[in-house]
Novice: 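To start, I am sharing the structure in question, which I have written as structure tokens.
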Amino acid sequence: MSGSDDYNASIIAEFRANEGQVGGPWAGYPVILIHHVGARSGVERVTPLGCFPQPDGSYVVVASNGGSANHPAWYHNVKANPVIRVEFGAELFWVTVHEVRGAARARLWPTLVAEAPQLEDYQQKVERRIPVLALTRGRGVAQVGLGGRTARR
């Protein structure tokens, strides 16, 4: 396991042990776990991300990759396979991921930066436009194999 895999594993374990609450540098920020399937490998992975719950019940995540010049791997995966499961708090449910672009992104970005000022620093460091993605809940119910929990579709 690489250092980032170890780090993510510890965040995921803490998240699940505390119904979505995580300490350390994540304390006070909403965290969501995304279950994404590798675009090339087909392997499911789980990645913890800071998120921004929206008034309409959706969630927004930002593919900042800590200000890296490249998009994070999970971004490519959700673009290739946009219907994914997520964990938020004690809930597990399905979402559809779509990229927020144009005027909608321009309206949303200042709100995101107000909540997480480091995003503006990340954007200033890179030439790429940092993607903003909306995660919208699905409908219905599907059984999934995560500790016997049910994901709402």
Side-chain angles (χ1 to χ4, degrees), residues 1-12 15-16 20 22 25-26 29-89 91-146 149-153:
M1 225 184 235
S2 73
S4 68
D5 289 341
D6 289 342
Y7 177 76
N8 282 349
S10 69
I11 296 298
I12 292 165
F15 178 101
R16 289 178 175 159
V22 181
W26 295 82
Y29 290 100
V31 175
I32 196 165
L33 303 182
I34 65 166
H35 296 246
H36 52 101
V37 175
R40 288 181 288 191
S41 70
V43 173
E44 183 179 271
R45 294 178 172 83
V46 179
T47 301
L49 300 173
C51 74
F52 303 86
Q54 300 298 295
D56 66 359
S58 67
Y59 301 84
V60 169
V61 295
V62 179
S64 65
N65 205 14
S68 171
N70 300 312
H71 295 318
W74 65 260
Y75 169 79
H76 300 289
N77 293 343
V78 300
K79 292 293 282 185
N81 300 296
V83 177
I84 63 171
R85 291 176 297 164
V86 299
E87 296 175 61
F88 186 77
E91 286 188 273
L92 172 67
F93 51 93
W94 291 91
V95 298
T96 301
V97 180
H98 75 275
E99 192 161 343
V100 180
R101 298 178 183 266
R105 185 193 184 281
R107 283 189 305 273
L108 184 57
W109 184 255
T111 303
L112 302 177
V113 169
E115 291 184 46
Q118 68 273 22
L119 291 176
E120 189 61 34
D121 295 337
Y122 295 160
Q123 185 60 78
Q124 295 297 322
K125 285 177 25 178
V126 298
E127 291 183 27
R128 69 183 175 95
R129 170 74 74 138
I130 293 177
V132 174
L133 298 111
L135 287 61
T136 307
R137 286 179 185 251
R139 302 196 188 282
V141 176
Q143 294 293 324
V144 295
L146 287 177
R149 293 184 288 166
T150 299
R152 303 219 175 267
R153 214 187 243 274

Novice: Can you check whether P48 reaches F15 side chain to side chain, under 4.5 Å on heavy atoms?
Specialist: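 Not in contact.
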Novice: Heavy atoms only: give me the nearest V31-C51 pair and the separation to one decimal.
Specialist: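 Smallest heavy-atom distance, with atoms named: C-SG, 4.2 Å.
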Novice: Ring centres of F52 and Y59 under 6.0 Å apart?
Specialist: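 No, the ring of F52 stays outside the 6.0 Å limit from the ring of Y59, centre to centre.
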Novice: Using a 4.5 Å cut-off on heavy atoms from C-beta on, say whether the side chain of I32 contacts that of E87.
Specialist: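 Contact flag for E87/I32 side chains = no.
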Novice: How far does NE2 of H76 sit from CG of N81, to the nearest 0.5 angstrom?
Specialist: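 One finds 13.5 Å between NE2 of H76 and CG of N81.
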Novice: Search all heavy atoms of A114 against all heavy atoms of P117 and return the closest pair with its distance.
Specialist: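 Minimum heavy-atom contact is O-CD, 4.3 Å.
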Novice: Considering only heavy atoms from C-beta outward, does the side chain of V86 approach that of L135 to under 4.5 Å?
Specialist: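 In short, these two side chains touch, coming nearer than 4.5 Å.
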Novice: When you compare the side chains of H71 and R128, does any donor N or O come within less than 3.5 Å of an acceptor on the partner?
Specialist: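 Result is yes, a qualifying pair exists.
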Novice: Applying side chain to side chain donor-acceptor pair (under 3.5 Å), name anything that partners E120, two or more places apart in sequence or on another chain.
Specialist: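 Only W109, Q124 meet the side chain to side chain donor-acceptor pair (under 3.5 Å) criterion with E120.
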Novice: Do you know the tightest heavy-atom contact between G50 and W26?
Specialist: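 So the two residues come closest at N-CZ3, 3.3 Å.
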Novice: Quick one, V95 with T136, criterion side-chain contact (heavy atoms from CB on, under 4.5 Å). Give me CA distance, side-chain angles, the key distance, then yes/no.
Specialist: CA-CA 5 Å; V95 298; T136 307; 5.8 Å; no
Novice: Please assess L92 against H35 for the test side-chain contact (heavy atoms from CB on, under 4.5 Å), listing each intermediate value before the final yes or no.
Specialist: CA-CA 10 Å; L92 172 67; H35 296 246; 4.3 Å; yes
Novice: Go through the steps to decide whether R107 and T111 satisfy the test side chain to side chain donor-acceptor pair (under 3.5 Å), and finish with yes or no.
Specialist: CA-CA 8 Å; R107 283 189 305 273; T111 303; over 6 Å; no
Novice: Check salt bridge (charged side-chain N to carboxylate O under 4.0 Å, His left out) between R105 and all other residues, then give those that pass, not counting sequence neighbours.
Specialist: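 Counting only residues at least two positions away or on another chain, R105 forms no salt bridge (charged side-chain N to carboxylate O under 4.0 Å, His left out).
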Novice: In chain order, what residues pass the side chain to side chain contact (heavy atoms under 4.5 Å, CB included) check against A63, with sequence neighbours excluded?
Specialist: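 Checked A63 against side chain to side chain contact (heavy atoms under 4.5 Å, CB included); matches are P72, W74, Y75, P131, L133.
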Novice: Could you tell me which non-hydrogen atom of P110 sits nearest to which non-hydrogen atom of A106, and how far apart they are?
Specialist: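 Smallest interatomic distance, heavy atoms only, reads CD-O, 3.1 Å.
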Novice: Is there a side-chain contact between E99 and K79, using heavy atoms and a 4.5 Å cut-off?
Specialist: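 Yes - at least one pair of side-chain heavy atoms lies under 4.5 Å apart.
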Novice: Not counting sequence neighbours, which residues clear side chain to side chain contact (heavy atoms under 4.5 Å, CB included) with A73? List them please.
Specialist: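 By the side chain to side chain contact (heavy atoms under 4.5 Å, CB included) rule, A73 matches no residue at all.
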Novice: Let me confirm one number: the CD-CD distance from Q118 to Q123, rounded to the nearest 0.5 Å.
Specialist: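 These two atoms lie 13.0 Å from each other.
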Novice: Just verifying a value: how many Å separate N77 CG and R40 CZ, rounded to the nearest 0.5 Å?
Specialist: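 With rounding to 0.5 Å, CG (N77) is 9.0 Å from CZ (R40).
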Novice: Just wondering, more than 12 heavy atoms not from R129 lying within 6.0 Å of its CZ?
Specialist: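 No.
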Novice: Roughly how far apart are I84 CD1 and L33 CG, rounded to 0.5 Å?
Specialist: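 Atom-to-atom, I84:CD1 and L33:CG are 10.5 Å apart.
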Novice: Please list, chain by chain and in numerical order, all residues satisfying salt bridge (charged side-chain N to carboxylate O under 4.0 Å, His left out) with E115, sequence neighbours excluded.
Specialist: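 E115: no salt bridge (charged side-chain N to carboxylate O under 4.0 Å, His left out) contacts found.
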Novice: Between Y122 and S68, is there a side-chain heavy-atom distance shorter than 4.5 Å?
Specialist: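 Counting from C-beta outward, S68 and Y122 never come under 4.5 Å.
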Novice: Would L119 and I130 satisfy side-chain contact (heavy atoms from CB on, under 4.5 Å), going step by step from the backbone distance to the final call?
Specialist: CA-CA 9 Å; L119 291 176; I130 293 177; 5.8 Å; no
Novice: With rounding to the nearest 0.5 angstrom, report the CD to CZ distance, E91 to R85.
Specialist: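 E91 atom CD to R85 atom CZ measures 15.0 Å (nearest 0.5 Å).
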Novice: Under a 4.5 Å cut-off applied to non-hydrogen side-chain atoms, are I34 and V46 in contact?
Specialist: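 In short, these two side chains do not touch, never coming nearer than 4.5 Å.
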Novice: Quick one: does N8's side chain have a donor or acceptor within less than 3.5 Å of a partner on T47's backbone?
Specialist: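 Checked: no pair found.
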Novice: Which residues pass the side chain to side chain donor-acceptor pair (under 3.5 Å) test with S58, sequence neighbours left out?
Specialist: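 If we apply the side chain to side chain donor-acceptor pair (under 3.5 Å) test to S58, skipping adjacent residues, the hits are D56.
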